[in-house]
Amino acid sequence: MSTTKNYWLIKSEATCYSIDDLARDKVAPWTGIRNFQARNYIRDGMRPGDRALFYHSSGTPTAPSGVYGIAEVVSEPYLDPTALDVRDEHYDPKGADWVAVDMKFVSKLDRPVTLADIKKDPLLRKMLVAKQGQRLSVMPVTKEEFEGVVGRWEK
DNA sequence: GCCAACGTTGGC
DNA sequence: GCCAACGTTGGC
């Protein structure tokens, strides 16, 4: 098992669950991931202490898509209980072994780093999220990319 | 709301 | 295992 910290980007629609919701809740279970590649990243890579860029997708002109804050992984991956709950909107009748982790609020960026900002930056545009049509809701980023986003407005 | 990208499903 | 149809994501 790796002992170094890993860095991630996690996506959520702001109207569904935003960085402000996480700030209010402090810690929240990150459930409902139903994409095998994203599942594998969580299951095989996410560990407590890892940090994640919190990205709002499906933005609007006044609240554009981009990174709005930082979260920290505070649990090991565990079986996602919403996949087994027939009343849950993310119920999976096929019973695949989906996983979840608990995420803790760390901070909100002073200003969002929008997708447009990311695509303009030579370092940041290598991130998977900048690739056209990238639909992963959980993806790895490098330490340099993570710090590049966090420090975007401190230059 | 449109539509391109892309993951998933299912017929063969 | 191929691939067309279908459904969903997500930027615009």
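To find a chain, count down the sequence lines: A is the first, B the second, and so on, and within it residues start at 1. Just so it is clear, the structure is predicted and the values come from calculations on it, not from any experiment.
A:Arg135 has its CZ atom 16 Å from the P atom of C:dC6, to the nearest Å. In this structure, the CG atom of A:Asp92 is 18 Å from the P atom of C:dG7, given to the nearest Å. Across the protein-nucleic acid pair, A:Asn35 atom CG and B:dG7 atom P stand 8 Å apart, rounded to whole Å. As a whole-Å value, the separation of A:Arg39 CZ from B:dT8 C1' is 14 Å. If you take CG of A:Leu128 and P of B:dG7, they are 12 Å apart, rounded to a whole angstrom.
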* To do: Tell me, with the steps shown, if A:Val149 and A:Met127 meet side chain to side chain contact (heavy atoms under 4.5 Å, CB included).
  => CA-CA 11 Å; A:Val149 169; A:Met127 293 198 296; 3.8 Å; yes
* For the pair A:Asp121 and A:Arg152, evaluate side chain to side chain contact (heavy atoms under 4.5 Å, CB included) and give the outcome as yes or no after the intermediate values. => CA-CA 9 Å; A:Asp121 188 306; A:Arg152 181 71 176 79; 4.0 Å; yes
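At most 12 non-hydrogen atoms from other residues, nucleotides or ligands lie less than 6.0 angstrom from CG of A:Asp110.
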Name the pairs: protein N/O against N/O of nucleotides 9-11 of chain B, kept only if under 3.5 Å.
residue, atom, partner, partner atom, Å
B:dT9, OP1, A:Lys94, NZ, 3.2

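Side-chain atoms of A:Asp102 and A:Trp30 include no donor-acceptor pair closer than 3.5 Å.
Side chains of A:Arg51 and A:Val73 form no contact here, defined as non-hydrogen atoms less than 4.5 Å apart. Residues A:Met139 and A:Val129 are in side-chain contact: their nearest non-hydrogen atoms beyond the backbone lie under 4.5 Å apart. Counting only heavy atoms from C-beta outward, the side chains of A:Lys5 and A:Arg47 never approach each other to under 4.5 Å.
One finds a side-chain N or O of A:Lys119 lying less than 4.0 angstrom from the OP1 or OP2 phosphate oxygen of C:dC12.
For the salt bridge (charged side-chain N to carboxylate O under 4.0 Å, His left out) test, no residue two or more places apart in sequence or in another chain qualifies with A:Arg43.
For the helix from B:dG1-C:dC12 to B:dC12-C:dG1, the angle separating the two terminal helix axes comes to 10°, with each axis derived from five pairs and the value rounded to 10°.
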